[in-house]
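Order of listing sets the numbers, starting from 1, for every ligand and every atom in it.
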Amino acid sequence: DLDLHPSKRWMPLITDKKTIKDLANAFVPSGKLVEMVDKALPFLVETLPYPFGDELRGVAAASGLPLGNLFHGRNLDFGLFMGWDMKNRSWIVAEQLKPLVVNVDFRRNNQTVFKSTTFAGYIGMLTGIKPNVFTLTMNERFSLDGGYIGILEWILGQRKGMWMSFLTRSVLENATSYEVAKTRLAQTELLAPAYFILGGNQTGQGCIITRSRLLSLDILEIDLKLGRWYVLETNYDHWKAPLFLDDRRTPGMTCMNKTTQTNITLKTMYSVLSTKPVLNKLTTYTTLMDVSTGNLESYIRDCPNPCMPW
Ligand SMILES: *[C@@H]1O[C@H](CO)[C@@H](O)[C@H](O)[C@H]1NC(C)=O
Ligand SMILES: *[C@@H]1O[C@H](CO)[C@@H](O)[C@H](O)[C@H]1NC(C)=O
Ligand SMILES: *[C@@H]1O[C@H](CO)[C@@H](O)[C@H](O)[C@H]1NC(C)=O
Ligand SMILES: *[C@@H]1O[C@H](CO)[C@@H](O)[C@H](O)[C@H]1NC(C)=O
Ligand SMILES: *[C@@H]1O[C@H](CO)[C@@H](O)[C@H](O)[C@H]1NC(C)=O
């Protein structure tokens with residue numbers, strides 16, 4: 001409820017999702033993390049723009065965790081290759097995140113402003129829809145991890161990922177059209193490179209914005225005249241080959257091409273997103289969005305063996 005004070009908005013959800021603590025313990029069972037973050041974070045929260053500081057305080061209060069509890073536990077250098085559970089053949093952190101997946105309906109005056117799939121406690125947005133206006137997702141650029149690591153960076157207190165998803169949140173909340181959203185996503189200075197994938201409510205409104213920190217490097221748009229009825233982004237610049245170890249693009253495009261434009265629906269899109277290695281052991285959720293109905297649905301995923309780790 002966006003009409004509530006920022007510090008109150010997340011309380012019922014976080015109270016309901018106490019398993020956030022398990023995630024903290026998965027990283028640093030010693031409790032040292034809590035100690036460090038207790039000292040460092042209150043200061044950082046003071047520097048956040050409205051309403052994020054107050055929202056984060058509210059999350060911390062309701063979860064019983066200090067702000068940014070996980071800051072110390074996550075070392076970027078370990079990245080993707082940290083925490084593989086040999087017995088279960090799964091990424092410990094991906095497994096810990098799954099119970100936190102929620103769909104949130106952001107309301108003002110009891111009217112939906114936008115909806116999002118997120119992790120309880122994560123106040124930025126990586127996946128969202130403004131019903132009847134646009135849909136928006138963000139992917140990490142220059143990383144193997146499909147964006148999941150960014151969430152952990154945030155939980156661990158690395159603010160660059162958090163700031164990035166503040167932009168998407170702000171765009172979902174405030175942009176009134178596809179064009180306005182596109183301009184803001186293309187032109188706002190960022191703290192790290194990213195891909196924004198934006199869909200609109202008119203034929204041909206769909207694009208991948210490839211961003212450097214300062215500039216929009218490229219905008220690839222749907223172009224029916226060229227036969228480009230979809231755009232597809234994993235974590236590589238579309239004009240370059242994906243990393244050979246991590247080619248989810250070719251299988252994804254093969255599926256899309258086989259599906260054909262005529263037969264694309266939420267159901268067939270779900271099939272594409274369920275094809276290995278598009279679906280892999282890092283996949284926590286699949287979200288499907290339909291701008292015209294305002295529908296956003298999400299599924300917590302499991303990739304049965306045999307399955308690629310990424
Ligand atoms: C492995 O999976 C089982 C069943 O899902 C679960 O009960 C167990 O806690 C998992 N083990 C670890 C170390 O996560
Ligand atoms: C807000 O909307 C929901 C569903 O649309 C409705 O059930 C609820 O009664 C409304 N609340 C108020 C305070 O109007
Ligand atoms: C598409 O978005 C524009 C800009 O917000 C809006 O004016 C228009 O009503 C929307 N069209 C449909 C079909 O919802
Ligand atoms: C899919 O179709 C597009 C458009 O015809 C084509 O450019 C692309 O190479 C195809 N990709 C695969 C993997 O089949
Ligand atoms: C598209 O769907 C129709 C009706 O279900 C089916 O007959 C047709 O084979 C499908 N086309 C492709 C390319 O899958």
Side-chain angles (χ1 to χ4, degrees), residues 1-5 8-13 102-116 128-137 168-186 196-210 218-264 266 268-269 271-280 289-297 308:
D1 183 347
L2 295 166
D3 293 320
L4 284 180
H5 187 269
K8 303 275 186 250
R9 291 173 184 170
W10 295 97
M11 249 175 217
L13 177 61
V102 285
N103 288 344
V104 184
D105 187 339
F106 290 81
R107 299 184 146 229
R108 189 166 274 134
N109 299 322
N110 209 24
Q111 298 281 309
T112 297
V113 179
F114 65 100
K115 299 195 264 190
S116 174
I129 182 169
K130 187 147 197 162
N132 306 115
V133 184
F134 62 84
T135 54
L136 174 60
T137 59
T168 50
R169 154 89 184 254
S170 166
V171 165
L172 280 162
E173 193 167 334
N174 301 313
T176 50
S177 71
Y178 172 82
E179 291 302 339
V180 170
K182 189 168 150 189
T183 303
R184 279 199 64 196
L185 293 166
F196 297 114
I197 301 93
L198 182 67
N201 68 11
Q202 304 292 310
T203 307
Q205 285 185 339
C207 66
I208 298 165
I209 303 168
T210 301
D218 181 87
I219 299 183
L220 178 69
E221 310 221 37
I222 284 176
D223 190 333
L224 295 171
K225 273 183 243 140
L226 296 180
R228 188 160 63 228
W229 59 276
Y230 66 88
V231 288
L232 187 150
E233 178 55 45
T234 56
N235 295 93
Y236 303 94
D237 296 347
H238 69 82
W239 60 93
K240 292 181 190 158
L243 185 66
F244 72 99
L245 276 172
D246 181 34
D247 184 7
R248 289 160 285 129
R249 182 201 291 166
T250 307
M253 289 184 75
T254 302
C255 287
M256 289 298 287
N257 290 359
K258 280 189 180 167
T259 303
T260 72
Q261 186 179 2
T262 321
N263 282 6
I264 197 77
L266 292 193
T268 54
M269 195 182 287
S271 297
V272 174
L273 293 168
S274 304
T275 304
K276 299 166 189 174
V278 176
L279 178 73
N280 62 68
M289 297 183 278
D290 179 348
V291 71
S292 65
T293 59
N295 184 30
L296 172 147
E297 54 192 58
M308 288 290 284

(message) Only heavy atoms of N132, strictly under 4.0 Å: list the atoms of ligand 3 that pass.
(response) 1 (C), 10 (C), 14 (O)
(message) Please report whether atom 4 (C) of ligand 4 has a protein non-hydrogen atom at a separation of less than 4.0 Å.
(response) no
(request) Would you name the heavy atoms of M256 and W229 that are closest together and state the gap between them? (result) O-CZ2, 3.2 Å
(message) For atom 9 (O) of ligand 3, what is the closest protein heavy atom, and at what distance to 0.1 Å?
(response) N201 ND2, 4.8 Å
(message) Only heavy atoms of T254, strictly under 4.0 Å: list the atoms of ligand 4 that pass.
(response) 13 (C)
(message) What's the separation between atom OG in S116 and atom CD in E173, rounded to the nearest 0.5 Å?
(response) 11.5 Å
(request) Using the side-chain contact (heavy atoms from CB on, under 4.5 Å) rule, take F196 and V171 through it: C-alpha gap first, then chi angles, then the decisive distance, then the call. (result) CA-CA 11 Å; F196 297 114; V171 165; over 6 Å; no
(message) Would Y230 count as being in polar contact with ligand 4, using the rule that some N or O on each side must be under 3.5 angstrom apart?
(response) no
(message) Checking a contact table here: which protein heavy atom is nearest atom 2 (O) of ligand 2, and how many Å away?
(response) N110 ND2, 2.5 Å
(request) Check each atom of ligand 3 against the heavy atoms of S177 and keep those under 4.0 Å away; list them by number with element. (result) 4 (C), 5 (O)
(message) Tell me the closest heavy-atom pair linking P277 and M308, and the distance in Å.
(response) CB-CG, 4.0 Å
(request) Would you please test L232 and H238 for side-chain contact (heavy atoms from CB on, under 4.5 Å) and show each step? (result) CA-CA 8 Å; L232 187 150; H238 69 82; over 6 Å; no
(request) Could you pull out the closest heavy-atom pair between T112 and P131, with the gap in Å? (result) CG2-CG, 4.1 Å
(request) Specify the protein heavy atom at minimum distance from atom 1 (C) of ligand 4: its residue, its atom name, and the distance to 0.1 Å. (result) N257 ND2, 1.4 Å
(message) Could you check whether any side-chain N or O of K130 sits under 3.5 Å from a backbone N or O of F114, counting only pairs where one atom can act as donor and the other as acceptor?
(response) no
(request) Check ligand 3 against T176 and write out every atom of the ligand that is under 4.0 Å from a heavy-atom position of the residue. (result) 4 (C), 5 (O)
(message) Can you check atom 11 (N) of ligand 3: any protein non-hydrogen atom closer than 4.0 Å?
(response) yes
(request) Taking all non-hydrogen atoms of both residues into account, name the closest pair between T250 and D247 and its distance. (result) OG1-OD2, 2.6 Å
(request) Scan the protein's non-hydrogen atoms and note whether one is under 4.0 Å from atom 7 (O) of ligand 2. (result) no
